[in-house]
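Note that these values count all heavy atoms, side chains included, but never hydrogens, waters or copies made by symmetry.
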Amino acid sequence: MTVARSILLFLLAALAEIGGAWLVWQGWREHRGVLWIAAGVIALGLYGFVATFQPDANFGRILAAYGGVFVAGSLAWGMVVDRFRPDRYDLVGAAICLVGVAVIMYAPRAS
């Protein structure tokens, strides 16, 4: 159950951070206005809180692993929201990152 909870938290964190960054991008670069930017800032703040619920107590480990989730999540966001079509190198790179996440977070460790 701990691994499933951790994965869910990573997915929620990715949604908050990537969504927040996208909202800021839309507000500023696409001239949608300050409300979009404000919503993005709030979402980015929520990302910071979601990460604190990870079962592992090591900030560096959580943030390092989340980096891999962010890479894959950003490509997925782009595909769904912006109709981005990743090439095979994007997909291979994202897969490598997710393998890194699994090693960092879920490898057996001596207590």
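A single hydrophobic cluster is seen to contain both Leu23 and Leu11, as judged by linkage of ILVMFWY side chains at heavy-atom distances under 4.5 Å, directly or through other members. Both Val81 and Val69 sit in one connected hydrophobic cluster of ILVMFWY residues. Membership requires side-chain heavy atoms under 4.5 Å apart, directly or through other members. Residues Phe70 and Leu15 fall within the same hydrophobic cluster, defined by Ile, Leu, Val, Met, Phe, Trp and Tyr side chains chained together at heavy-atom separations under 4.5 Å. Hydrophobic clustering, with ILVMFWY side chains joined whenever heavy atoms are under 4.5 angstrom apart, groups Ile7 together with Trp77.
Minimum interatomic distance between Ala94 and Val71 (heavy atoms only, all atoms of both residues): CA-CG1, 4.3 Å. For Gly68 against Val101, the heavy-atom pair with the smallest separation is CA-CG2, 3.7 Å.
With sequence neighbours left out, Val50 forms a side-chain contact (heavy atoms from CB on, under 4.5 Å) with Leu9, Leu12, Ala13. With sequence neighbours excluded, the residues satisfying side-chain contact (heavy atoms from CB on, under 4.5 Å) with Asp82 are Trp22. For Val92, the side-chain contact (heavy atoms from CB on, under 4.5 Å) criterion is met by Ile96, not counting sequence neighbours. Considering only residues two or more places apart in sequence or on other chains, Asp56 meets the side-chain contact (heavy atoms from CB on, under 4.5 Å) condition with Asn58, Arg61, Ile62, Met105.
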Which atom pairs, one a donor and one an acceptor, fall under 3.5 Å between side chains of residues 25-44 and the rest of the protein, sequence neighbours left out?
unit_1 : atom_1 : unit_2 : atom_2 : d
Gln26  : OE1    : Arg32  : NE     : 3.4

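Atom CG of residue Leu8 and atom CD of residue Gln54 lie 9.5 Å apart, to the nearest 0.5 angstrom.
The number of heavy-atom neighbours closer than 6.0 Å to CZ of Phe84, taken from other residues, nucleotides and ligands shown, is above 12.
Using a 4.5 Å heavy-atom threshold, the side chains of Tyr106 and Ser6 count as touching.
Sorted by first and then second residue, the side-chain hydrogen bond (donor to acceptor under 3.5 Å, both in side chains) pairs involving residues 86-98 (not counting sequence neighbours) form an empty list.
Between Phe10 and Tyr66, the ring-plane angle classifies as parallel under the 30° and 60° cut-offs.
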